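Shown next, in structure tokens, is the structure this report addresses.
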Amino acid sequence: MKKIISIILLGGLLVLTSNYKIGLFLYIPVVTILSSLGILYPLYSLLGGILSAYFFSPNLLIPITIFTLSLYLVRKIKLGRPEIIVLLASSVNYLIMKDIILTSICMLGSTLLYIALSFTLNKKKTVINYFEPLITALFLFASLGATQIEVQNINLGYIVSLLGIMYLSTNQYYFYSIIASGVSSAFFVLNNYIGVFLYLCSLTYFLPRTLNSIVFAGLVISSMFMNLFDNEYLLVTLLVIAVNEVITSLFFKKEDKIATLKNIYKNLTENMNNQILNYVAFLEEFSNNNIYPKEYMQTIEENTMKVIRQVCTRCQNKKCLSKNKFLINRAIKDLLKGNTLDTRSQSLFKQCKNKHQMHQIVSKLNEGVTKSFSKKESSLMSQIEGFSNILKNYVIDTVSSPFIEENNFIKVKDQLIKNGLNITLFEIKKPYLNDFRIDIAIRGTDFDDVKKGIESIARQTLNSPINVKLLNKQGITIFVSITPDINYDISYGFSSLAKKGLSVSGDNYLVKPLSNGKFLAAISDGMGHGYNAHHESKSLINLINKVSDLNIDTKSSVDIINTLYNMQEFLDQYATLDLFEIDRNTGKSTLFKFGSTHTYIVKETGGIVKLFNENLPIGILNKVESSNIEIENNDLIIMITDGIIEQISTDNKFEDFIVSLKDKHAQKVAYDIINYSTTLQNNNNRDDMAVITLKVKERAA
């Protein structure tokens, strides 16, 4: 049925076209559009065209056959773009109509009709995608129309053709330049062999900038000495070359690709330096929290409690200890270690009436602690293997991260310029294949007008789904960024509660969207309760935060941290870890569990996926294992510490409860889970409790 409809439709268009004596005006764009639906459509059109032409317009038989077979081959072997066939076939109308003005009008009309139909059917494209064929059609319309005007025996069409071909060639519209030179010169060669110079212009202007004009001018001057052509036309050709050079120098400054490459290198170097600095910061974070051996830290803990018992508990100001217990504990530890007090601790000690007594006790306690300890005496040599693994993981992941070829960045910039955008800034902030960012400033346009065009060009050139975002607007200049596309939005909530009777919780968390399109959520439960547990889990979370800034795989990041914690020289306590990584581009996720309790995923249908822990706390085992998970739209992910599990009576009741929350906002879910858990035991929470909730929402296409 489709074949019959196509034959009748295309035959009818041809009859209509023939009756109004405008050749293939309607037939060409419609057949070209239909060919995009399948490569056989040109053959259907050929059958309908031949039947109609046989009865109504036999002189169309040869042009129809050439056009449809050419279009079939273009679609079959994917040679070039169909717009090229539209322009070529439209110019053949001259052989039918014998009227150059009518031919130029039909050529422009067919091209505009094709663009309108294609744009209507393909919403992913914008007018900017059709800039090349449109500018070529306008140029041919102008040059063919100008052939009817002569000034001092010089055909104006020749001058317009030269300028148009120079523009197309120097801007690397190669196919269109060849078409334009072929169509334009055909009309001059028939009457005057000067049309040969239009071919030569197209070819020589493929050469590098400035050299093209010199070579073409040399050919023209040589012809003048050989008296091969009319000197008047040759002089005009030299004048056009000069005018083109002036116009190009003043208004069309060609972008320097070397400068672009230097820009890429500069940003790449800065990015690598930042990665190294982030890595140093990560190691410093670990070092600052763990520079003392276990025996020393145990002594500090014992001496801290002695100072509090001898000074603070005997003080008449009982409210001070209950109100500032956490701050006092930390300040005394700093005094015992010989560290400088921070601003808050100094302010507190200024108000303390027993500060002199406290300093005397601290000084006396320190006399029994060895002064010979240093970082270098921490058995570092015995940990070389561990640090070696850390560096190996970092180097491998950093060096092996695939880069986008610099030529592809250049192509993006060139295509944007070719499509009429006034680019005033083009910076490659990140060059990695799955973690790239290009910042662009565009002058004299609106974001909504160019967004789809930029997306189309970047997607085709970088061969990756991309996201174009408006960063800023200053006057008539817009600043946009090109990054990997994000298909999932993540909203989150967090809530925690310390064990009853304690002021500080041993549970800590991290929620962090990464610049490469990934999303991290981590929750840690320090062993025990109070300050020590809080310190352990907080230190682990801080390390996760620092290492996530490095350009390495998350599994390698976790492996690095696990290796550090496996160096037991510095550690006397442990912390559990739940780390959930979501790739917001693909929906693929990874879960790392170390000594933690269950993780729940509540599906939109009400079903539950329950993920169990099979590992010991981080740092005990050398091996790092993970689970791969595919998230879906409206998934509710719930990460909890074991304090919540200890509160609930049965798993079934808790699961029924969290299913009832699946349509609520993530933050409300987090609050409700904590409230539910405390209510079950009459607000007598026996352990620290914490929960992270993540709500996954797929972006509309």
Side-chain angles (χ1 to χ4, degrees), residues 115 119-120 122-132 134 253 255 259-260 263-264 266-268 270-271 274 404 406 408-492 511-520 549 551 582-587 633 695-701:
I115 292 173
F119 176 67
T120 302
N122 192 346
K123 295 298 185 182
K124 292 184 179 179
K125 291 188 176 182
T126 64
V127 176
I128 198 172
N129 296 105
Y130 303 100
F131 178 78
E132 296 171 23
L134 180 60
K253 292 183 179 179
E255 295 297 323
T260 302
N263 176 262
I264 293 174
K266 178 187 173 190
N267 284 285
L268 174 61
E270 290 178 354
N271 186 63
N274 287 334
I404 296 175
E406 62 269 18
N408 288 336
F409 289 119
I410 294 172
K411 287 178 182 178
V412 171
K413 185 177 183 181
D414 285 346
Q415 287 298 317
L416 293 174
I417 293 172
K418 287 178 184 178
N419 284 279
L421 298 185
N422 185 5
I423 306 295
T424 59
L425 173 72
F426 191 89
E427 287 190 353
I428 294 88
K429 293 292 189 181
K430 286 188 177 182
Y432 302 106
L433 193 61
N434 298 313
D435 183 14
F436 57 85
R437 174 171 170 174
I438 309 172
D439 285 359
I440 307 173
I442 309 171
R443 184 176 175 83
T445 188
D446 291 325
F447 179 67
D448 292 337
D449 294 337
V450 298
K451 182 176 183 290
K452 288 184 178 179
I454 297 173
E455 284 178 349
S456 178
I457 289 170
R459 183 173 59 250
Q460 293 174 15
T461 307
L462 301 178
N463 194 28
S464 172
I466 59 100
N467 178 49
V468 177
K469 180 182 178 182
L470 178 64
L471 299 176
N472 192 10
K473 183 173 184 180
Q474 297 179 6
I476 61 173
T477 300
I478 59 172
F479 296 84
V480 302
S481 67
I482 300 176
T483 56
D485 195 15
I486 293 176
N487 296 314
Y488 294 90
D489 290 314
I490 313 292
S491 58
Y492 69 91
V511 175
K512 186 176 184 180
L514 304 181
S515 60
N516 60 1
K518 294 185 178 182
F519 188 96
L520 289 184
D549 291 330
N551 186 54
I582 300 174
D583 189 328
R584 291 181 289 168
N585 303 326
T586 64
N633 187 36
K695 194 68 178 287
V696 179
K697 190 69 176 178
E698 188 174 1
R699 288 188 177 180

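The model shown is predicted, which means the values in this text are computed figures rather than measured ones.
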[atom1]/[X]: more than 12 non-hydrogen atoms of other groups inside 6.0 Å:
| X | atom1 | result |
| --- | --- | --- |
| Lys411 | NZ | no |
| Asn422 | CG | yes |
| Lys512 | NZ | yes |

Flag the pair [X] / [Y] as yes when at least one side-chain heavy-atom distance between them is below 4.5 Å, and no otherwise.
| X | Y | answer |
| --- | --- | --- |
| Gln460 | Ser456 | yes |
| Ser481 | Asp439 | yes |
| Lys469 | Val480 | no |

Where do [X] and [Y] come nearest, in terms of heavy atoms and distance?
| X | Y | value |
| --- | --- | --- |
| Phe436 | Leu462 | CE1-CD1, 3.9 Å |
| Val412 | Ala458 | CG2-CA, 4.4 Å |
| Lys518 | Arg584 | O-NH2, 3.7 Å |

Rounded distance (nearest 0.5 Å) linking atom [atom1] of [X] with atom [atom2] of [Y]:
| X | Y | atom1 | atom2 | answer |
| --- | --- | --- | --- | --- |
| Asn408 | Ser464 | CG | OG | 11.0 Å |
| Asn467 | Arg699 | CG | CZ | 6.0 Å |
| Ile476 | Ile442 | CD1 | CD1 | 12.5 Å |
| Arg443 | Gln474 | CZ | CD | 11.5 Å |
| Ile486 | Asp583 | CD1 | CG | 9.5 Å |
| Ile417 | Gln415 | CD1 | CD | 10.0 Å |

Could you give me the CA-CA distance, side-chain angles and deciding distance for Arg437 and Thr483, then say whether side-chain contact (heavy atoms from CB on, under 4.5 Å) is met? CA-CA 5 Å; Arg437 174 171 170 174; Thr483 56; 3.9 Å; yes
Determine whether Ile454 and Leu421 satisfy the following criterion, side-chain contact (heavy atoms from CB on, under 4.5 Å), listing intermediate values before the conclusion. CA-CA 10 Å; Ile454 297 173; Leu421 298 185; 4.2 Å; yes
Let me see the working for Phe519 and Tyr488 under side-chain contact (heavy atoms from CB on, under 4.5 Å), right down to the final yes or no. CA-CA 10 Å; Phe519 188 96; Tyr488 294 90; over 6 Å; no
Output yes when a side-chain donor or acceptor of Asn472 lies under 3.5 Å from a complementary backbone atom of Phe479, and no otherwise.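 Not at all, since once roles are kept as given, no pair shorter than 3.5 Å links the two residues.
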Check against side-chain contact (heavy atoms from CB on, under 4.5 Å), Lys451 and Ile478: CA-CA 11 Å; Lys451 182 176 183 290; Ile478 59 172; over 6 Å; no
Partner residues of Lys473 under the salt bridge (charged side-chain N to carboxylate O under 4.0 Å, His left out) criterion, sequence neighbours left out: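 With neighbours one apart ignored, the set is Asp446.
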